[in-house]
Amino acid sequence: MPNPARNPFAFEMDGQSIMEGVQQRLQAVRDRIETAAQAVGRDPAQITLIAVSKTFPVDAIRAAAAAGQRDFGESYVQEADAKIDATSDLSLIWHHIGPIQSNKTRSIAERCHWVHAVDRAKIAERLSMQRPAGLAPLQICLQVNVSGETTKSGVDPADVLALAAAVTDLPHLRLRGLMAIPAPTDDVAAQRRQFGVLRACLERLNAVGHGLDTLSMGMSDDLESAIAEGATMVRVGRAIFGTRDRPRAERVARE
Ligand SMILES: *Cc1c(COP(=O)(O)O)cnc(C)c1O
């Protein structure tokens, strides 16, 4: 029987079933990526799967890593730090995918390989300044607001060129591409329209000389639409690790 006191995660029955559950779902996600890529004539090897482990325990990360998963995404700095420490034997690739507060940039700059949600120059400047000189440049995606919702974070598509120019000038960052979190919808045409906005932004940047190769878009429920529109990185949490049941307010409060 699960012990809810010790294991707050619904899928954590015992060590064996965490391992099997994560590995089965991971394989199912890999199959979805392959099918979606083939449906539009793309090579699935062009698409990197980021396993979004935020709110899930280190055992779940280890289970995915044992099945060959290398790239992991986290949204909360303190949680990420603890997990990076706890898996330092595995040489994983860490992606900070969440919103970035300016007083939390140092740890991201020192410990992550990729940052996906840069949407203002001030954050980029801090990340570059705080990136240790001995490390490879921090790989950067600019978050673009593709839904037009005023509450969403992300730079307005009209302002992407200016932000890209600013980031390109920073010595310890390497601008790789764009990221978006569209307004959630079951309507595939609406999903594709929003991902298409991001793809068009990338094409505009490349037309003026940026050599960007990364479109970070697509999550558990819409990765097929994202791949059809050219995603090169999909960020998938629940479909690999199970239902996220901790309320968001509680996670934020721990930061
Ligand atoms: C949580 C999160 C994801 C993963 O979402 P799922 O619905 O669990 O697949 C992807 N991207 C970002 C930015 C996230 O915060």
Side-chain angles (χ1 to χ4, degrees), residues 9-12 21-22 24-33 36 47-57 60-61 63-64 69 71-80 83 92-101 104 108 112-120 123 139-147 149 151-155 176-188 190-191 194-195 197-198 214-227 229 231-255:
F9 300 96
F11 68 94
E12 258 186 87
V22 168
Q24 276 169 18
R25 287 189 295 259
L26 179 61
Q27 188 55 51
V29 170
R30 288 173 174 155
D31 292 345
R32 282 175 63 190
I33 292 170
I47 300 156
T48 300
L49 171 60
I50 300 172
V52 178
S53 45
K54 68 177 184 221
T55 78
F56 295 104
I61 296 172
Q69 180 63 31
D71 290 85
F72 289 86
E74 289 283 340
S75 290
Y76 308 100
V77 170
Q78 282 169 233
E79 180 180 346
K83 289 174 176 177
L92 303 177
I93 300 169
W94 290 98
H95 300 252
H96 184 89
I97 62 171
I100 307 161
Q101 293 166 257
K104 298 269 169 60
I108 297 170
C112 290
H113 302 85
W114 284 75
V115 183
H116 290 243
V118 173
D119 64 359
R120 52 200 198 278
I123 294 292
Q139 311 294 301
I140 301 293
C141 290
L142 305 180
Q143 183 176 356
V144 180
N145 180 347
V146 296
S147 67
E149 292 172 279
T151 54
K152 275 270 157 93
S153 47
V155 62
R176 293 294 298 272
L178 303 177
M179 175 272 213
I181 309 173
T185 169
D186 294 336
D187 176 358
V188 170
Q191 292 172 357
Q194 296 184 75
F195 292 134
V197 170
L198 196 70
T214 302
L215 278 173
S216 168
M217 58 188 195
M219 321 202 304
S220 290
D221 296 330
D222 57 13
L223 67 89
E224 284 83 1
S225 294
I227 288 170
E229 292 293 337
T232 65
M233 287 185 160
V234 291
R235 309 179 309 269
V236 179
R238 289 167 299 124
I240 296 172
F241 295 114
T243 312
R244 224 180 274 116
D245 56 7
R246 253 189 290 166
R248 185 168 196 286
E250 182 193 329
R251 301 197 308 266
V252 171
R254 293 180 313 123
E255 286 259 313

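Read the numbers this way: they start at 1 and go in the same order the structure lists the ligands and their atoms.
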**Request:** If the plane angle is over 60° it's perpendicular, under 30° parallel, otherwise tilted; pick one for Trp114 and His95.
**Result:** parallel
**Message:** Once rounded to the nearest 0.5 Å, what's the spacing between atom CD1 of Ile140 and atom CG of Leu178?
**Reply:** 12.0 Å
**Near ligand 1, at a heavy-atom separation below 4.0 Å: residues by chain and residue number** = Val52, Lys54, Ser75, Ile97, Met179, Ile181, Met219, Ser220, Arg235, Val236, Gly237, Arg238, Arg244
**Message:** Side chains of Ser53 and Glu74 only: does a donor on one sit below 3.5 Å from an acceptor on the other?
**Reply:** yes
**Message:** So, taking the atom named NE2 in His96 and the one named OG in Ser75, what distance separates them when rounded to the nearest 0.5 Å?
**Reply:** 6.5 Å
**Separation of Arg30 CZ from Ile240 CD1 (nearest 0.5 Å)** = 8.5 Å
**Complete:** So CG of Leu223 and CG of Leu49: to nearest 0.5 Å the spacing works out to 8.5 Å
